[in-house]
There are 2 protein chains.
Amino acid sequence: MDDVRWLSADEQEIWRAYLSASVSLAAHVDRQMRQHAGMPMAYYEILVRLSEAPHRRLRMSELADASLSSRSRLSHAVAALERNGWVERRPADGDRRGWVCSLTDEGFAALAAAAPGHVTTVREHLFDVLTPEQLRTLREIGLAISAGLKPACDAARAEDAQDTQDAEDTQDPCDE
Amino acid sequence: MDDVRWLSADEQEIWRAYLSASVSLAAHVDRQMRQHAGMPMAYYEILVRLSEAPHRRLRMSELADASLSSRSRLSHAVAALERNGWVERRPADGDRRGWVCSLTDEGFAALAAAAPGHVTTVREHLFDVLTPEQLRTLREIGLAISAGLKPACDAARAEDAQDTQDAEDTQDPCDE
DNA sequence: ATAGGGTGGTTGAACTCTCAACACCAGCGC
DNA sequence: GCGCTGGTGTTGAGAGTTCAACCACCCTAT
């Protein structure tokens with residue numbers, strides 16, 4: 001951990017420009033969603049993924065992957081959405097461990113009501129401020145980052161899987 | 001609100017690629033920071049900004065702007081950092097409303113301990129997966145988004161300023 | 001000098017997220 | 001049939017964020 005490849009001045013500028021933009025844009029979009037639709041952006045994402053699924057229903061684990069949330073987060077979120085009447089949970093047939101989450105008509109209506117404001121915000125603060133060339137590159141950048149992140153996420157899951165087994169052997173020596 | 005400029009298929013792809021990457025990357029970086037340094041990414045950002053300020057001290061409002069957090073968030077965060085002994089608050093001289101927040105030696109040490117792992121994560125998942133050309137464009141994109149967001153943030157502050165005044169007149173009719 | 005609006009910062013409650021158990025069931029080997 | 005490992009999903013506690021007051025102070029105009 002001693003031979004760190006520190007960031008050059010240029011790289012720091014890039015990282016900070018990216019970080020600032022992504023944090024600010026996320027905050028702005030989330031804020032708009034809360035004010036206008038009464039739910040955080042993460043919940044909107046869940047409704048969107050459900051609305052696009054066949055029969056507007058998905059297994060919890062599939063919904064978690066699609067909406068980029070952890071299982072725990074999804075559990076809490078779906079519980080909250082269920083209290084709103086926007087979503088329903090029923091046991092999956094064929095696997096008595098699983099649950100299927102489905103979007104109700106009220107949930108779809110809430111989604112439809114929230115969509116215009118959301119899209120307008122995204123267009124205004126992303127598509128209207130970038131050139132077509134920049135947008136093409138942004139798509140590539142997004143795909144590259146996601147691809148580079150996938151191994152790390154898989155590794156994290158793999159760790160969880162065997163965490164119950166090994167406890168006392170080789171921990172990585174992070175000085176902290 | 002009826003003439004919404006919806007996203008084309010191409011635009012949706014771009015937005016989702018960006019959203020997925022930024023959410024996943026932020027989650028990964030935050031997770032790394034929590035595990036390795038015991039603090040969320042937002043707290044690290046606060047320490048960084050303090051460490052770069054003259055005499056490692058900043059007015060609370062300046063620190064809030066620099067670290068991209070709301071005043072409320074910063075208050076809570078600084079209170080937590082103070083409990084750790086990483087930060088100190090003392091009254092600002094010349095303005096008895098204000099407070100100056102300063103980084104302690106322990107705080108600087110915590111920052112120094114957290115930096116290598118953080119930089120390594122950023123390099124691995126951002127700089128190592130993008131081409132120099134993409135990185136140049138990413139800088140431009142970040143700057144453009146931030147610039148486009150500034151008016152909106154200023155407007156939000158302006159609203160707060162006069163919220164105490166008008167209460168019963170024209171509310172925007174959002175059907176929800 | 002004083003009222004009144006604006007600024008700086010804090011607080012508490014409600015909400016969301018994370019983390020670490022935990023319960024439950026599937027599938028496989030014996 | 002029985003354990004055993006792995007996968008699915010939930011729960012509760014604690015941490016962090018948001019939102020809406022709220023207090024204290026500065027500043028200017030009257």
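Residue numbers start from 1 in every chain, and the chains themselves are labelled A, B, ... in the order their sequence lines are given, proteins ahead of strands.
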Whole-Å gap separating [atom2] ([N]) and [atom1] ([X]):
X: Leu58(B); N: dG8(C); atom1: CG; atom2: P; value: 13 Å
X: Leu63(A); N: dT10(D); atom1: CG; atom2: C1'; value: 15 Å
X: Met39(A); N: dC19(D); atom1: CE; atom2: P; value: 15 Å
X: Glu82(A); N: dT16(C); atom1: CD; atom2: P; value: 15 Å
X: Asp30(A); N: dC15(C); atom1: CG; atom2: C1'; value: 12 Å
X: Met41(A); N: dT17(D); atom1: CE; atom2: P; value: 19 Å
X: Tyr43(A); N: dC15(C); atom1: OH; atom2: P; value: 10 Å
X: Leu81(B); N: dA15(D); atom1: CG; atom2: P; value: 14 Å

Handout entry: From dC26(D), dA26(C), dT18(D), nucleotide with atom closest to Arg73(B) side chain
Key = dT18(D)
Heavy-atom donor-acceptor pair, [X] side-chain to [N] base, under 3.5 Å:
X: Ser69(B); N: dT17(D); answer: no
X: His76(B); N: dG9(C); answer: no
X: Ser72(A); N: dT11(D); answer: yes

Does [X] have a side-chain nitrogen or oxygen under 4.0 Å from the phosphate oxygens OP1 or OP2 of [N]?
X: Arg31(A); N: dC19(D); answer: yes
X: Arg97(A); N: dA26(C); answer: no
X: Arg71(A); N: dT11(D); answer: no

Problem - Side chain Ser102(A), main chain Arg56(A), donor-acceptor under 3.5 Å - result: no
Problem - Side-chain (Ser22(A)) to main-chain (Ser22(B)) donor-acceptor, under 3.5 angstrom - result: no
Problem - Residue mapping more 5' on DNA chain D - nearest nucleotide basis, Met60(A) or Arg34(B) - result: Met60(A)
Exercise for the section: Check the angle between the aromatic planes of His118(B) and Tyr44(B) and answer parallel, tilted or perpendicular using the 30° and 60° thresholds. Expected result: tilted
Problem - Among Glu133(A), Glu140(A), Gln134(A), side chain to side chain donor-acceptor pair (under 3.5 Å) partner for Arg136(A) - result: Glu133(A)
Problem - Sugar-phosphate only, base, or nothing, as touched by Ser61(B) at under 4.0 Å among non-hydrogen atoms - result: sugar-phosphate
Practice task
Check every strand shown and say whether Ala42(B) touches a base, only sugar-phosphate, or nothing at a heavy-atom separation below 4.0 Å.
Solution key: sugar-phosphate
Fill in the blank from the handout: Between Gly94(A) and Val78(B), whichever has its closest DNA chain C nucleotide further toward 5' is Val78(B)
Exercise for the section: Assign each of Arg83(A) and Asp95(A) to its nearest nucleotide of DNA chain C by heavy atoms, then name whichever residue's nucleotide is nearer the 5' end. Expected result: Arg83(A)
Practice task
Could you check Ser70(A) against Ser72(A) for side chain to side chain donor-acceptor pair (under 3.5 Å), going step by step and ending with a plain yes or no?
Solution key: CA-CA 5 Å; Ser70(A) 67; Ser72(A) 172; 4.9 Å; no
